[in-house]
Trainee: 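Before I ask anything, let me first share the structure, which is written out below as C-alpha cells.
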Amino acid sequence: MTDTGWFEADGATASIRAGSAESPASWPRLAVDRGVVPDEDAYYDALHEATVAAARAAVESAEQADDRQLIHAIRALDDCRRTANELAERLAEWGGTVDPDAGTGVAYARTLLETEADLSGPAADRVHSLAERVVALEDEADALEAHVDRQAPIVAPNLAALAGPQLAARLISLAGGLESLAKKPSGTVQVLGAEEALFAHLRGHASSPKHGVIFTHEAVRGTRMADRGSAARALAGKLAIAARIDHYSGDRRPELEAEFADRLETIRARATAEDDGSSPADDTESDGHTEGDTHGGGQ
Amino acid sequence: MTSDTVDPTLPEGVERRPIDGVDRLATRGEPVYGEPTDGEWRAWDPSRSKLGAMLEVGMDTGLEGGEVVLYLGAASGTTVSHVADFAGPTYAVEFAPRPTRDLLSVAESRPRLFPLLKDARRPATYAHVVEADVDVLIQDVATRGQAAVANRNRQFLADDGRLLLAVKARSEDVTADPEAVFEDVKATLEREYEILEATRLEPHHDDHLAVVACPRVD
C-alpha cells in the first residue's frame, strides 16, 4: 500500500480534517478493492457523510473562536504585561536594598533567577519569590500574545491581515466587538483609543487627534509627522472596510492590503516630491473627500 | 428536452428556459439562494457565477454532464450548487469558515457534493480525499497567484481533462492594468496547461478573464 486514503484511518471525520497525502489516488476504486465499501455508490455515500460532518465540525470550531474570546485574550494580555511591569518596578526598588547588582524591569527579575543571586537578609526569600511571579506573568503575557496571533486571523481574517493580529484584537476590544467595529465610521476607527484627546478636542481646547491605537501600525508610525494624519486616515478607511467584510461575509479579500499599500506609497511620495521641490500628482482628490471623516469620532 | 432548448455548448442538465418571461440558463435541483424557479428548474444567474457567465457567453467548456469535478473556491456554493446539479461527484474546496456554513446547506440536498474546508494552495491537505483523474477542475479563488494554484492542482486532473478557470485581475494586483495581469497569468499557466480559449467576462463580471485549458502531457 503506497498511499493511504481518508477511509483507512480511525475516525473518518478527524481523518478528513487533519489527514494529508502527497498525491491523489483512485480512492473510490481503492476503497472497494481494499474491502472498505461494497461498491463505489456506497463509497460516495460514506464520503458525503464524512465530508459534511468534517466541514460542520471545522466551521463550528472556527465559530467558537469568536470576538468575545479574542477580547478577553487581548485584555488579559495587557493586564499581565502591565502587572508584570508594575511588580518589576517594586522588585527593582526592593532588590536594590539587598542586591548590589540590582538592575531594572522584568529583565532584572530574569537575571536574579538565572544567576541564583545569593541574597542576604530576612527578606531574601521574598524578593526571590517576587521575581518568580514577575517572570511567570511575563511568560503568560507572551503565551497570550502567541494565542492572539493565532486567533485574530480566524476571527477577523481581513482585519488581522491589514492591521496585524495584535492591533486587530485591540481595535475589536476597544469597539466592544467585531460587529460594533464593523458599524463604526472610519473616522471613529481612526481615533479609537484616543478618547481622552478626542473629548479634549470636542470641549474645544485641543486639536483633533490624528490617530488612536492605530498609531502602533508601521504605516502610521513610519510616516513622517506632516503626513501621519493622511496615513492614519487612509489606514482607518481600509480597516473599517476590512472589519465590515469580516463581520458580514467572512471572505478573504487580499486586494485590500494592495490598495492600502498603493495609497500609502502615494502619501509617502509627498516627502520625496517636496525634497525635489515639485508637487506630487494625483494626491488631492482622495484626501479631499475623506476630510470630514476626522470628525466622525463623536458618533 | 424540447428541441428549441438544445444548445450544443451546454452540458446535459443545463438548459436555456423561459423563467419569469426571459430565457435563462437553468439546472434542476433544490433552490439555494432565492433564485427564480420554474417547476424543478432554477435559474443560474451569470452575473453571480463566473462559470454561468462562461456558458452564457458561449465558451466551449467541453462540459457534457455527469463528470467528476474538483471545484476550488466554492464560497457559499452558489455556482457549485448548479455544477452538482448536472455533474457527477463534485468536490468543493473552500477556505473560509463562514461561507462554508452556507455551502453545507447546499451539500445537504446534494448527495454527490463533498464540501472540504481546505486551502486550495495546499493540495496535500485534501489529496487523501479528492480522487485522482477528475474530469474537470473548476477554479474561482480570490487570492494572489491564481495561476500557481491551478498549476499546483494539475495533479488531480486527468490527462484528457479540462481546466475552467476564472481569473480576477484585482486579486493579483489592484494597480496594474488587467490586460497585463492576464498576460502574466496566462504565461504562468502555460507551464502546466495548454490554453484553448480565453475570454473576458464583461458585462457579467468586470476585470475577469475566463480560461478553458487542458493539461500539457509530456
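Here is the naming used below: chain letters follow the sequence lines, and residue numbers restart at 1 for every chain.
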Trainee: Using heavy-atom distances under 4.5 Å, tell me whether B/Arg110 contacts chain A through its side chain, its backbone, both, or neither.
Mentor: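 Looking at B/Arg110, just its backbone touches chain A.
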
Trainee: Counting only non-hydrogen atoms closer than 4.5 Å, does B/Val130 touch chain A with its backbone (N, CA, C, O), its side chain (CB onward), both, or neither?
Mentor: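 Just the backbone, heavy atoms under 4.5 Å.
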
Trainee: Who wins among B/Leu117, B/Thr175, B/Leu104 for the most heavy-atom pairs under 4.5 Å with chain A?
Mentor: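 Ranked by heavy-atom pairs under 4.5 Å with chain A, first place is B/Leu104.
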
Trainee: So, for B/Phe156 and B/Tyr126, is the gap between ring centers shorter than 6.0 Å?
Mentor: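 Yes, ring centres under 6.0 Å apart.
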
Trainee: Measure the acute angle between the ring planes of B/His82 and B/Tyr33, then classify it against the limits of 30° and 60° as parallel, tilted or perpendicular.
Mentor: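 Perpendicular: the ring planes of B/His82 and B/Tyr33 meet at over 60°.
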
Trainee: Under a 4.5 Å heavy-atom cut-off, does chain B meet the side chain of A/Tyr43, its backbone, both or neither?
Mentor: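 Only the side chain of A/Tyr43 comes within 4.5 Å of chain B.
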
Trainee: Below 4.5 Å, heavy-atom pairs only: which of A/His247, A/Arg253, A/Glu22, A/Arg29 has the largest tally toward chain B?
Mentor: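 Most heavy-atom pairs under 4.5 Å with chain B: A/His247.
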
Trainee: Between B/Thr143 and A/Arg252, is there a side-chain donor-acceptor contact under 3.5 Å, judged purely by atom types and distance?
Mentor: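 A/Arg252 vs B/Thr143: no donor-acceptor pair found between side chains.
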
Trainee: Could you tell me whether the side chain of B/Asp207 and the main chain of B/Pro178 form a donor-acceptor pair under 3.5 Å?
Mentor: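 The answer is no, because no donor-acceptor pair under 3.5 Å joins these two groups.
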
Trainee: What residue in A/Ala54, A/Pro157, A/Ala58, A/Ala25 has the most heavy-atom pairs under 4.5 Å with chain B?
Mentor: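 Max contact count across the listed options: A/Ala25.
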
Trainee: Report the option among B/Pro97, B/Ser171, B/Ser76 that has the most heavy-atom pairs separated by less than 4.5 Å from atoms of chain A.
Mentor: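 That would be B/Pro97.
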
Trainee: Give a yes or no on whether the backbone of A/Ser15 and the side-chain of B/His128 come within a donor-acceptor separation of less than 3.5 Å.
Mentor: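 Confirmed, B/His128 side chain pairs with A/Ser15 backbone.
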
Trainee: Per the side-chain contact (heavy atoms from CB on, under 4.5 Å) rule, which among B/Val69, B/Val14, B/Leu10 passes with B/Phe86?
Mentor: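 Only one option passes, and that is B/Val14.
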
Trainee: Among B/Glu94, B/Glu172, B/Arg144, B/Lys118, who wins on heavy-atom pairs under 4.5 Å with chain A?
Mentor: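 Heavy-atom pairs under 4.5 Å are most numerous for B/Lys118.
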
Trainee: I'd like to know which of A/Gly19, A/Ala258, A/Pro254, A/Ala55 tops the heavy-atom pair count under 4.5 Å against chain B.
Mentor: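 It is A/Gly19.
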
Trainee: If you count heavy-atom pairs under 4.5 Å between each of B/Ala96, B/Pro115, B/Ala142 and chain A, which one has the most?
Mentor: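 Looking at each option in turn, the highest pair count goes to B/Pro115.
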
Trainee: For B/Arg122, is the CZ atom crowded, meaning more than 12 foreign heavy atoms sit under 6.0 Å from it?
Mentor: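 At most 12 heavy atoms, drawn from other residues, nucleotides or ligands, come within 6.0 Å of this atom.
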
Trainee: Let me know if B/Pro89 has heavy atoms under 4.5 Å from chain A in its side chain, its backbone, both or neither.
Mentor: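 Contact with chain A is through the side chain of B/Pro89 alone.
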
Trainee: Sort B/Phe95 into side chain, backbone, both or neither according to what part of it lies under 4.5 angstrom from a heavy atom of chain A.
Mentor: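 No part of B/Phe95 comes within 4.5 Å of chain A.
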
Trainee: For a quick check under 3.5 Å, do A/Arg244 and A/Ser249 share a side-chain donor-acceptor pair by atom type?
Mentor: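 No, A/Ser249 and A/Arg244 have no side-chain donor paired with an acceptor closer than 3.5 Å.
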
Trainee: At a heavy-atom separation under 4.5 Å, does A/Arg56 approach chain B through its side chain, its backbone, both, or neither?
Mentor: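 Backbone plus side chain of A/Arg56, per the 4.5 Å heavy-atom cut-off to chain B.
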
Trainee: Heavy-atom pairs under 4.5 Å with chain B - which of A/Asp45, A/Val52, A/Leu47, A/Leu30 has more of them than the others?
Mentor: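 Heavy-atom pair counts peak at A/Leu47.
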
Trainee: Heavy-atom distance under 4.5 Å to chain A: side chain of B/Leu103, backbone, both or neither?
Mentor: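 Neither the backbone nor the side chain of B/Leu103 comes within 4.5 Å of chain A.
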
Trainee: Give the member of A/Pro28, A/Ser26, A/Gly5 that has the highest number of heavy-atom pairs under 4.5 Å with chain B.
Mentor: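 The answer is A/Pro28.
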
Trainee: Indicate yes or no for a side-chain donor-acceptor contact from B/Thr188 to the backbone of B/Asp184 under 3.5 Å, with no hydrogens or angles considered.
Mentor: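 Checked: pair present.
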
Trainee: Distance-only, no hydrogens or angles: does the A/Asp246 side chain make a donor-acceptor pair with backbone N or O of A/Asn158 under 3.5 Å?
Mentor: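 Pair found, side chain donor or acceptor close to backbone of A/Asn158.
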
